[in-house]
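Each remark here refers to the structure printed beneath this line.
Below, chain A is the first sequence line, B the second, and so on; all start at residue 1.
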2 protein chains.
Amino acid sequence: MSATNTDVPSMRAHALPTPVPAGDYDACPVTSLMRRVGDKWTLLVLSLLGRRPYRYNELHRAVEGISQRMLTRTLRTLEADGLVARTVFPSVPPSVEYRLTPLGESLLVPLSALADWAVRHQPSSTPLGVRPLGDNG
Amino acid sequence: MSATNTDVPSMRAHALPTPVPAGDYDACPVTSLMRRVGDKWTLLVLSLLGRRPYRYNELHRAVEGISQRMLTRTLRTLEADGLVARTVFPSVPPSVEYRLTPLGESLLVPLSALADWAVRHQPSSTPLGVRPLGDNG
DNA sequence: CTGTATCCGATGTGATACTG
DNA sequence: CAGTATCACATCGGATACAG
């Protein structure tokens with residue numbers, strides 16, 4: 001293969017496709033996507049924007065715990081990836097709206113399937129922070 | 001919500017579920033899963049094991065570029081997550097086989113859907129390391 | 001063959017202060 | 001309101017050496 005390796009087809013139901021050349025992991029769109037969605041806040045932001053458009057500070061409050069730095073970084077990356085659209089309204093005070101692009105919405109479909117698997121099969125399987133019992137005290 | 005937040009249901013087709021409490025992002029199985037699969041080698045190893053069982057060095061060669069440290073770490077984490085089974089054959093020289101568990105195989109299903117989305121919609125969309133033109137030679 | 005231990009640079013993330 | 005700049009710390013990941 002090497003240069004002609006354009007496969008990585010649609011991969012059938014149960015096994016990921018090609019034995020991936022490795023070293024090209026960077027260029028593999030699959031791993032690339034995972035690494036992005038796999039960061040600390042992206043999935044969270046994506047899930048919020050999946051419900052409706054948000055303004056910057058609105059997101060900042062909703063994703064309570066995120067720093068301005070990371071919120072901005074996350075949004076900028078999503079924008080660069082074409083998943084989120086940023087619209088500035090030159091009002092006073094200024095307001096900026098973030099919303100999913102059609103591409104972003106389309107991503108939520110397979111993402112939902114994965115999320116569904118996660119809540120069903122995952123580790124201690126306590127959905128959203130409801131630990132089994134005193135983990136801390 | 002807070003302590004009673006056990007929802008994060010199956011989330012309908014187009015929008016991720018709950019506005020996630022945030023701060024609980026660590027405990028959210030969805031984000032948690034993403035962060036694991038989103039590391040540098042997990043997806044690659046998972047895809048290989050999706051085809052057939054592998055021995056340690058066999059993987060080391062197949063995932064050319066990975067260090068022993070990271071291969072071991074990745075496999076150990078996958079094992080801890082119940083996605084991969086490790087079997088030691090006390091032969092001489094010793095051999096260890098890694099294979100997907102049923103849980104691991106079940107994960108490949110939604111993962112494949114996401115991978116499929118990636119190869120279809122992603123960035124410069126050059127599937128597996130086939131850069132547009134002479135990047136290296 | 002199948003790992004473990006150690007060191008080290010790269011990157012991710014948070015805190016804080018400042019700006020149009 | 002919606003950011004940017006800077007510093008600091010934790011974790012990720014690679015290289016190398018060593019071991020059962």
Side-chain angles (χ1 to χ4, degrees), chain A residues 22-26 28 31-46 48-49 53-81 84-99, chain B residues 20 22-28 31-46 48-49 53-81 84-99:
Chain A
D24 291 339
Y25 73 87
D26 254 354
C28 173
T31 292
S32 175
L33 171 65
M34 293 301 189
R35 288 178 74 80
R36 282 169 185 210
V37 177
D39 75 356
K40 193 168 182 178
W41 304 106
T42 295
L43 187 64
L44 215 38
V45 170
L46 230 34
L48 285 169
L49 295 181
Y54 273 78
R55 290 175 51 185
Y56 184 87
N57 268 359
E58 207 177 1
L59 273 175
H60 198 195
R61 283 186 295 271
V63 185
E64 187 180 358
I66 195 175
S67 62
Q68 286 189 321
R69 170 182 159 76
M70 287 314 294
L71 178 54
T72 300
R73 255 183 76 82
T74 301
L75 288 169
R76 289 289 196 276
T77 299
L78 287 171
E79 192 190 356
D81 287 346
V84 163
R86 175 178 181 267
T87 310
V88 181
F89 297 102
S91 51
V92 180
S95 96
V96 178
E97 184 200 76
Y98 294 93
R99 65 164 64 234
Chain B
V20 197
D24 291 340
Y25 74 88
D26 254 354
C28 173
T31 293
S32 175
L33 171 65
M34 293 301 189
R35 288 178 75 80
R36 283 171 184 208
V37 177
D39 74 356
K40 193 168 182 178
W41 304 106
T42 295
L43 186 64
L44 214 39
V45 170
L46 230 35
L48 286 170
L49 295 181
Y54 273 78
R55 291 175 50 184
Y56 185 85
N57 267 0
E58 206 177 2
L59 273 176
H60 198 194
R61 283 187 295 271
V63 186
E64 187 181 0
I66 196 174
S67 62
Q68 285 189 320
R69 170 182 158 76
M70 287 315 293
L71 178 54
T72 299
R73 254 182 76 83
T74 300
L75 289 169
R76 287 290 196 276
T77 299
L78 286 171
E79 191 189 357
D81 286 347
V84 163
R86 174 176 181 268
T87 310
V88 181
F89 297 102
S91 51
V92 180
S95 95
V96 178
E97 183 200 77
Y98 292 94
R99 66 162 64 233

Taking all heavy atoms of [X] and all of [Y], pick out the closest pair and write down the distance.
X      : Y      : result
K40(A) : T31(B) : O-CG2, 4.3 Å
G38(A) : R35(B) : O-CG, 2.9 Å
E97(B) : R99(B) : OE1-NE, 3.2 Å
H60(A) : S67(A) : NE2-C, 4.0 Å

Kindly indicate whether the side chain of [X], heavy atoms from C-beta on, has any atom under 4.5 Å from the side chain of [Y].
X      : Y      : value
T42(B) : T77(B) : no
L59(B) : L75(B) : yes
W41(A) : L71(A) : no

Inset, instruction - Measure from the side-chain N and O atoms of Y56(B) to the backbone N and O of Q68(B), and report whether any donor-acceptor pair falls under 3.5 Å. - result: yes
Atom pair distance, as rounded to whole Å: [atom1] in [X] and [atom2] in [N]:
X      : N       : atom1 : atom2 : answer
R36(A) : dT13(C) : CZ    : P     : 13 Å
R61(B) : dT2(C)  : CZ    : C1'   : 12 Å
W41(A) : dG12(C) : CH2   : C1'   : 12 Å
L59(A) : dC1(D)  : CG    : C1'   : 13 Å
Y54(A) : dC1(D)  : OH    : P     : 16 Å
H60(B) : dG14(D) : NE2   : P     : 10 Å
L71(B) : dC1(C)  : CG    : P     : 13 Å

Legend entry - DNA chain C: 5'-proximal contact among P94(A) and G38(A) (nearest heavy atom):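 Residue closer to the 5' terminus by nearest nucleotide: G38(A).
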Inset, instruction - Map E97(A) and D39(B) onto DNA chain D by nearest heavy atom, then report which one ends up closer to the 5' terminus. - result: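 In this pair, the answer is E97(A).
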Inset, instruction - Heavy atoms under 4.0 Å is the rule here; annotate nucleotides 3-9 of chain D 5' to 3' with B where the base is hit, S where only the sugar-phosphate is, and - elsewhere. - result: BB-B---
What's touching nucleotides 9-11 of chain C from the protein side, N or O pairs under 3.5 Å?
none

Inset, instruction - Please tell me which of the listed nucleotides, dT13(C), dT2(C), dC1(D), lies nearest to the side chain of N57(A)? - result: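 The closest nucleotide is dC1(D).
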Between [X] and [N], is there a contact of a side-chain N or O with OP1 or OP2 at under 4.0 Å?
X      : N       : value
R55(A) : dA2(D)  : yes
K40(A) : dG14(C) : yes
R73(B) : dT11(D) : no

Inset, instruction - Supply the atom-to-atom distance D39(B) CG to M70(B) CE, rounded to the nearest 0.5 angstrom. - result: 6.0 Å
